[in-house]
Structures are given as structure tokens and as C-alpha cells.
2 protein chains.
Amino acid sequence: MHSVGQVTPQSRHFAEPLPLQSGTSLRDYTLVYETYGTLNAARSNAVLVCHALNASHHVAGTYAGVEKSEGWWDNLIGPGKPLDTDRFFVIGVNNLGSCFGSTGPMHVNPDTGRPYGADFPVVTVEDWVDAQARLFDALGIEQLAAVIGGSLGGMQALGWSLRHPDRLRHCIAVATAPNLSAQNIAFNEVARRAIVTDPDFHGGHYQAHGVVPKRGLRVARMIGHITYLSDDAMETKFGRLTRNGSDASGERPLRYAYSTQDVEFEIESYLRYQGDKFSDYFDANTYLLITRALDYFDPARAFGGDLTTAFAQARCQFQLVSFTTDWRFSPARSREIVKALLDNRHRVSYAEIEAPHGHDAFLLDDARYHALLRACFDNISKEAGDV
Amino acid sequence: MHSVGQVTPQSRHFAEPLPLQSGTSLRDYTLVYETYGTLNAARSNAVLVCHALNASHHVAGTYAGVEKSEGWWDNLIGPGKPLDTDRFFVIGVNNLGSCFGSTGPMHVNPDTGRPYGADFPVVTVEDWVDAQARLFDALGIEQLAAVIGGSLGGMQALGWSLRHPDRLRHCIAVATAPNLSAQNIAFNEVARRAIVTDPDFHGGHYQAHGVVPKRGLRVARMIGHITYLSDDAMETKFGRLTRNGSDASGERPLRYAYSTQDVEFEIESYLRYQGDKFSDYFDANTYLLITRALDYFDPARAFGGDLTTAFAQARCQFQLVSFTTDWRFSPARSREIVKALLDNRHRVSYAEIEAPHGHDAFLLDDARYHALLRACFDNISKEAGDV
């Protein structure tokens, strides 16, 4: 079980406009992606890994000369790992509207010669799925062995099963939901307001002003981070530990610093650090676009809110996974999907993993979780006779 | 059962400095308060009502000529209501550091001749309790029949039982906690960062610049509001309803508006409205101070984290109330307090009310909740022979 080693992103340009769910289209665009492993002769062992909010196409491996450059799901993907690159040809694609290479708000709008900024069209999970499908057309891959993703990535996996039902054999959707709850949307909206009301946002055209709405991005990330962790995990890790000194025994100090603006508790320091780090690399317009893609995802919507009817068109096998302490996308939301699949007599397995880490658990290498995914991919590999 | 009618705030100035938990002191100060009902001859029927984050001394009744000016707990307090002003003399006191009359950051610092702003000293729950005790000294009330409060107000009620154990007979603490969890502090910190990083904050001395950090206040209030409501209540009230039109049947429209910055979902509209309203009347420095008072409250801290030892000094009877869907101050937090009280063989009743409204439930007139408080105050009244 080792790493896929050093990897290099690839890119492909698409000159044909992409029709979008919003009714507009993207005139032309580039997708950045990475692949690990080898496509077999039957072209039947490809697995698409879909990324969530702040991740990218860089799913596994490292970049030459860059420290700590492991891909975001490197613990899952590699030779001998649960998603075994000795057997599967794994592909990570950066979503449109992102800030990591694929065409997004920071790129030049061919209609104006200036960066898209806030004019980048609103993209949805379905749009991403369609763009990914075109990439597989270009790569000569007619059918994927599996599409896998967690959180927003799980929504894309579900989107694949509905939008291109015959182009995947397995859909593996982890820590996801059939749509966002009002509370989910509420958190997204607060984050967006923090960004949009930052005076450096300039209506989304901050690049033209040579600034970045870092204040808003920081607050947005802090809000997000709270929802990624379970209450218990945060309590275990930080509790009420204060930052300003502690006595010799390492216990909490007897006195607070008594400040309204300085860091007093460790959790504050942690959140500020996460916010600062995020604001250094993430694009504000991308944050708006991606949270909106989350808000909009709702496959039941076109069927009067009936998720069972929505999933009638699916053809693949499903594996759903949720985590007991995930309060962002709780197990109850995964069970809604499982019910809709069972109503349709689709083949579905469902695992509710007892893990303390909240929503973040889908990125961690919990033993039971990874054993489950390993078994899942073993089966996929065997039934396809890919090895 | 009717209203206490029209009421008028009173105020009292205290020339003697108030020593604060932070080690500094407040040179002199004014407390604004309201009273309802009549103090009996024995001066034994006084009930203090403590307010939470954005409320004030205006607990019940209305102001002459002001529409919709009912006090924030008017459904509980009045002639014939659960806290019956025909039997009890009820007092609401505005906390120090507030923006509703008692000395706070918007007032002039006698040391500089300019508004306190960010220089207003950090005040704690214990400081508020001490200031309230001085008011009762001035009013000639040696012992309160009860102190009642919800949320941060409940912390003050608990603070009374510990700081002035012989000056109250009953402590009624609703929807509260023995301290904030890491997650609670995290939400407070994000709200504070939104305020402090608003360019109009000017380090807390925005009054001197003739501006108000409204952007930060709006975001802070939106975050707070999410934590006041249960996930289910938000889902029931708003769900995924969109704002821009609906078909004739009133069902959700088939198309989204597809915008990253405009309101799309009803929950967004609701949160923005709450944020706007709040930013029109609430003071930013007060928000920082009051969230810090919440962060700092931790009676077990001086006893090595042992809540049982902390409550050894209490003398009064306790009534604890929590609400099943309150995820901000969950029933588990109230049970920690109940356990510490039982460990000390204190007299305590505890009610876990099944209510769908989350933390906000403590302000609503849920039938079982109000019946419980009615019975509680009936007993207090009878045992004291106050009627």
C-alpha cells in the first residue's frame, strides 16, 4: 500500500459551448484533470472521483518538488489502497467555476477580454456532470466502472446516475444528501453575505481593483469549518482550553485574559488560522458559485419533490455511506436516498459508520470506512473481470 | 390574564465603583430597570428577570404611544399570567455594557470625555449579578423570591445562586448551560470576527468616525439566528421554498433564478431581514461584550472544572428547564447542572420540554412550558405566604 507517486495535471480544451441548467451556456472552456493507474484494453476500469467545495482534481499523489502536496483523498487511492490504482484507472476532474485550473471566474471572459468575475455563469451539479461526460467522450471512455464522491462530490455521483444512467456501473455517494436543508442553505447564505458585503468584493469584480475580499472569505471559511466538525470532536480537541498561558501542570489557567478582540480560547485560534489559510488561496466568486451548486442540487424537484420518481431513471448499483456524527449531512439524509432507491428496487448497499469526526469523516482513513470501500471496489473489480 | 399595561423605565445611578472580575472596575454607572406589580410589606415577593443577548430591562407591558412595544417576555408576565404580577413584584434590569440604557460602550467614559467604545471594560455574568445586587440594596430588597432567566439570563440566575446564595429563595434557569461548549464559542467567535473585521468597526471606536459596522452586525445576527432555531423548525417554516414566484397552486416554481448574490430561497430572505433589523438597533461593541460574557461563564472553573464543588455553596431551590430540540444549549447541558445540584442534595426540579422550536422555545408560550412555570411560581407564592 503506497502512494501513486508524483503526478502531473493534464488539461483539455472544449471549443463547443456547454449548455447550462440556467438556460445560458459556457462558450468554451478548459477542464483540468489528473489520472492515476492505467486504462485497461476494454476501457472498462475507469473510476471518476468528484471533489467537494474546496478541493480539486488533485486527488492523489504529490507534485514534484512541492512539500505536503498529497492529493486530498490520497489515503484512499493508490497501489494496494481501497481504490486500487493497480486495478483501476482513476480520474479527478476540477469542476467548472473552480479556482484550481478549470475555467472559472478568474479566467478571461472571451466576450469581454476581462476576467469573468461575478459574470461567470451559475453552474450546477448537473452542469459539472455534463462537462465531465464530455471529457470521457474525449478520452474514449463510454462507461465508468464507478463514480465516487463525498459531500458535494456525492451529489455529483448521484447526478451521474440520473443524468447519464448507462454510463456508470456503480455510484458511491458518501456523506451526502438528496438536497440541502433550510439550515444547510442558511449557513451557505451567511458565508456568501460575509463575502459579498466585504467592501473589497466590488460586486465580484475585485480583480479589476487589484484586491481580494479576504475578510469575507475568512468568515465564510470559519462558518464552514464549524459545520464540518462534530460538536463532540470540537469539544474533545479544544473544549474550553484558553490560549494565554497555562499553569505548570498544563491545566487551564485560573485567569482569563479578558479581551473582546484578542484570541482567548484555542478554538478561536484554530478557526482564525483556518480562515486565514483559506483566504490566501481560494477565490471568492468560486465560493459563491460552489455553495450555490450545493443549494440548487435537488433531483426530486423536477418530479414534484418525489425522490422515488426521480431515481426511477437510474440504472447503476449504489453504495451509500454516512457517518453518525455528521450533522451537516446526517445519516437521515442518506436514508432518504436509500429509501428512494429501494422503492425502485435498485441494487443498493448502505453503511452508517460510527465515527466521531462529523462531516469531515469522509476524508479520514477510519478503518471500518476504508474496509467498506475496499470491499466495494474489490467487488466492482471482480464483477467487471477487469483484473 | 392580561397585560401589565403601559410601563415606564426607571434608572438609578451608582457613584461607587464596581469591582469587575477582570480586575479593573467601572468608575460609576447607571442601571436602567422596569418593575411590574407591587412589592409587599414584607419585601419578600420580588422576582428578578434576567435578559439574554439582545433583550433588555423591558420584559413586560408596552410603552405609551409605541406600537408593537410589548416586552420580550410579555407572554409570561402579567396579572394572571404564569409569573403573576398580582402576587409578585417583578423587576427587569438592563445589563451593564448593553445598548439599551444602562451604562455601556455608547456612553461617555468619564476618564476621557469620549464614548467608551472598545474601551468599555469586559463585564461578566458575575459582574452583572453584583450590579443587580447593588440595585436591590438600593431598593431595600434583601432577599428575592426568585431569579429567573433563559439562555444567558439562565446563567445569571445560576450566578445569583452561587454569588449571593442567601439573597434568593429560588433559581429558575431555562435553556441554559454550565458553560459554553467549543462549538458555542466557535459560533460567537465567527460573529465577532465578522464585526471586528468590518472596515467600519475602526477598532471599536466607530462612533468617533460617525459610522456603524452594520455589515458585521448583519452577519453576526444571521449566524446567531441559525443557532436559535432547530433544524426541523427551520425546515418546517422555510424548507427549500424559493422566493422568485411560484405557480398558481402555490407550489415551488419549476425554475430557479440562478443568482449567486440575489435572494433565491425564503430562508435567505428571512435571515437577511433579521440581520438588517438587528444592525439598525444593536451596538457592535455590546455584541462583543455580551458574547464574551457568555464565553467566560464557567462556575466550575475556579474549582478545577468540578461543577459539583462549585454548587456546594448554593442555598436556594432550583428549577431547571430545557427543550428537546435546543441544539445551542441542549438538554444534556441542563442535566450536567441537575447532576451537580443532586450531588449536593440541593432541592431541584428538572423539566425537559418536548418542543419543536429549538433554543427560541424559551421565549414562546408553549402550553406545557408555561404550565410548568405557573405551577413553579404558584408554589413559590404559597410557601412564602406572600399572597
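Convention: sequence-line order gives letters A, B, ...; per-chain numbering from 1.
Taking the six-membered ring for Trp and thresholds of 30 and 60 degrees, A/Phe187 and B/Phe187 have nearly parallel ring planes, at less than 30 degrees apart.
Nearest heavy atoms, A/Thr197 versus B/Arg215: O-CD, 2.7 Å. Nearest approach of B/Arg255 to A/Ser22, heavy atoms of both residues: NH2-O, 2.9 Å. Residues B/Arg292 and A/Asp262 share a closest heavy-atom pair of NH2-O, 2.9 Å.
Counting heavy atoms of neighbouring residues, nucleotides and ligands inside a 6.0 Å radius, atom CZ of B/Phe303 exceeds 12 of them.
For a residue to count as touching a neighbouring chain, one of its non-hydrogen atoms must lie under 4.5 Å from one of that chain's; by this rule B/Leu20 does not touch chain A. Proximity to chain A (any heavy atom under 4.5 Å) is restricted, for B/Thr124, to the side chain, taken from C-beta onward. The parts of A/Leu180 that come within reach of chain B are both its backbone and its side chain, each placing non-hydrogen atoms under 4.5 angstrom from that chain. Only the side chain of B/Arg272 has a heavy atom closer than 4.5 Å to any heavy atom of chain A. With a threshold of 4.5 angstrom between heavy atoms, B/Asp295 approaches chain A through its backbone and through its side chain. With a 4.5 angstrom heavy-atom cutoff, B/Phe265 touches chain A only via side-chain atoms. Heavy atoms closer than 4.5 Å to chain A are found in the side chain of B/Phe201, but not in its backbone. Both the backbone and the side chain of B/Val219 come within contact range of chain A, judged by heavy atoms closer than 4.5 Å. When heavy atoms are compared at a cutoff of 4.5 Å, B/Leu271 approaches chain A solely by way of its side chain, counted from C-beta outward. Of the atoms belonging to B/Glu264, heavy atoms from both backbone and side chain fall under 4.5 Å from chain A.
In this structure, A/Arg301 satisfies the cation-pi test against B/Tyr256, with its NZ or CZ atom closer than 6.0 Å to the six-membered ring centre and inside 45 degrees of the ring normal.
Among B/Gly23, B/Ser230, B/Ala257, B/Ser181, the residue making the largest number of heavy-atom pairs under 4.5 Å with chain A is B/Ser181. Top candidate by heavy-atom pairs under 4.5 Å with chain A, chosen from B/Pro199, B/Ala194, B/Pro121, is B/Pro199. Most heavy-atom pairs under 4.5 Å with chain B: of the set A/Asn285, A/Val196, A/Leu288, A/Ile226, this distinction falls to A/Ile226. In terms of heavy-atom pairs under 4.5 Å with chain B, the best-connected choice from A/Gly239, A/Gly203, A/Ser259 is A/Ser259. Here A/Thr260 is the residue among A/Asn184, A/Val122, A/Thr260 with the most heavy-atom pairs under 4.5 Å with chain B. Among B/Met234, B/Glu268, B/Glu266, the residue making the largest number of heavy-atom pairs under 4.5 Å with chain A is B/Glu268. The most heavy-atom pairs under 4.5 Å with chain B, out of A/Arg193, A/His225, A/Met222, come from A/Arg193. Ranking A/Tyr258, A/Trp327, A/Tyr270, A/Phe238 against chain B, the residue ahead of the rest is A/Tyr258, based on heavy-atom pairs under 4.5 Å.
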### Message
Under the criterion side-chain contact (heavy atoms from CB on, under 4.5 Å), I'd like the reasoning laid out for A/Ile267 against B/Glu189: C-alpha separation, chi angles, the key distance, then a yes or no.
### Response
CA-CA 9 Å; A/Ile267 180 64; B/Glu189 172 66 1; over 6 Å; no
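For the atom pair CZ (B/Arg328) and CG (A/Asp231), the distance works out to 12.5 Å, reported to the nearest 0.5 Å.
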